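Here the structure comes first, spelled out in structure tokens, and everything after it is commentary.
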Amino acid sequence: MAVRAVLGIRRWRRNPLCRPTDRHEAWVALVALLLMLVAAPTLGRLCGTLTDDALQRAVRAQHAQRHLTTAVVIREDSGAPRFAHDPESAVAEDTTRTSVVARWKAPDGTDRTGRVATASRVTAPGARIRIWTDETGRAALRPMDASTAHTHAVLAGVGVTLLAAGLVESARRLVVWRMMQRRYTRLAEAWAETGPDWGRTGTGS
């Protein structure tokens, strides 16, 4: 519909049967099409770039603050459900993780004990597993990797592009609807002026 209106702008400009509102609708369609093809992708790309920059800084900060260490399983935590406790790792790793109680050493050499989630299939007491800890030695979530952050940024950019295009199309439909309402109002007013005398003798019909 929008494409047909845009292609007909030049033809309508020279058509004596073309109403001004037809030309206005065509120009509205042209502007909306340009916004959806140019402005919306540009906005999405900008949003994706900014999001990627922010996420990459977060990735570098997480990798600087979190450390991979070895823990020894004390027992399985049978009361905890088996699922991915870490939403970041769920993107890149096996989503089935087991909650266990383990013991490990903090960076300052002190012993730490706590509940951690592991993707290891060997969770018997005494088994060694790899866990992430923060700078103080407390168990922490796995840091996000750069590829996962980039994927999130791309999805954010695509989402903004689609949202912007949808808003432009909604605005176009609203403007056209308002134009149609004004057209019907003018037709009703014109009919109210000429309709009662239509077809009567002496009215010039």
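Below, each value reflects all heavy atoms present in this structure, side chains not excepted, and no hydrogens, waters or symmetry copies. The structure displayed is predicted, hence computed values, not measured ones. Sequential numbering from 1 along the given sequence is applied to the chain's residues.
Every side-chain hydrogen bond (donor to acceptor under 3.5 Å, both in side chains) that S147 has, sequence neighbours left out, goes to D145. Under the side-chain hydrogen bond (donor to acceptor under 3.5 Å, both in side chains) criterion, R103 pairs with no residue at all, not counting sequence neighbours. Every residue two or more places apart in sequence or in another chain was checked for a side-chain hydrogen bond (donor to acceptor under 3.5 Å, both in side chains) with R60, and none qualifies. Scored by the side-chain hydrogen bond (donor to acceptor under 3.5 Å, both in side chains) test, T185 finds no partners at all (sequence neighbours excluded). Taking R138 as the reference, D134 meet the salt bridge (Lys or Arg N to Asp or Glu O under 4.0 Å) condition, with sequence neighbours excluded.
Nearest heavy atom pair, residue A106 against residue R112, reads CB-CG, 4.1 Å. Heavy atoms only, all atoms of each residue included: I129 and S120 are closest at CG2-CB, 4.0 Å. Nearest heavy-atom pair across A64 and H67 is O-CE1, 3.9 Å. Taking both residues in full, the closest heavy atoms of E25 and V176 are given as CD-CG1, 4.4 Å, listed atom of the first, atom of the second, then distance. Across all non-hydrogen atoms, the minimal contact from A164 to L43 is CB-CD2, 4.2 Å. P143 and Q62 make their closest contact through CA-OE1, 3.3 Å (heavy atoms, listed as atom of the first residue, atom of the second, distance).
In this structure, V101 and T113 have side chains that are in contact, with non-hydrogen atoms separated by less than 4.5 Å. For the pair K105/D111, a side-chain contact is recorded, criterion being any heavy-atom separation below 4.5 Å from C-beta on.
Atom CE of M144 and atom CZ of R66 lie 9.0 Å apart (nearest 0.5 Å). Considering CG of L141 and OG1 of T133, their distance stands at 12.0 Å, rounded to 0.5 Å. Separating the CZ atom in R130 from the CG atom in L68 is a distance of 4.0 Å, to the nearest 0.5 Å. Here the straight-line distance linking atom CZ of R183 with atom CD of Q181 works out to 11.0 Å at 0.5 Å rounding. Taken from NE2 in H63 to CH2 in W132, the straight-line distance is 6.0 Å, to the nearest 0.5 Å.
There is no path of hydrophobic side-chain contacts, each under 4.5 Å, that joins V38 to L167. Both W27 and L34 are part of a single hydrophobic cluster, where members link through side-chain heavy atoms under 4.5 Å apart.
Under the 3.5 Å distance criterion, the side-chain polar atoms of W104 are matched with a main-chain donor or acceptor of G137. With hydrogens and angles ignored, the 3.5 Å screen pairs no side-chain donor or acceptor of R172 with any backbone N or O of L33.
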Identify every side-chain donor-acceptor pair in residues 51-58 under 3.5 Å, counting partners at least two apart or on other chains, and give the distances.
{"unit_1": "T51", "atom_1": "OG1", "unit_2": "C47", "atom_2": "O", "d": "2.8"}
{"unit_1": "D52", "atom_1": "OD1", "unit_2": "Q56", "atom_2": "NE2", "d": "3.3"}
{"unit_1": "D52", "atom_1": "OD1", "unit_2": "H150", "atom_2": "ND1", "d": "3.4"}
{"unit_1": "Q56", "atom_1": "NE2", "unit_2": "A146", "atom_2": "O", "d": "3.2"}

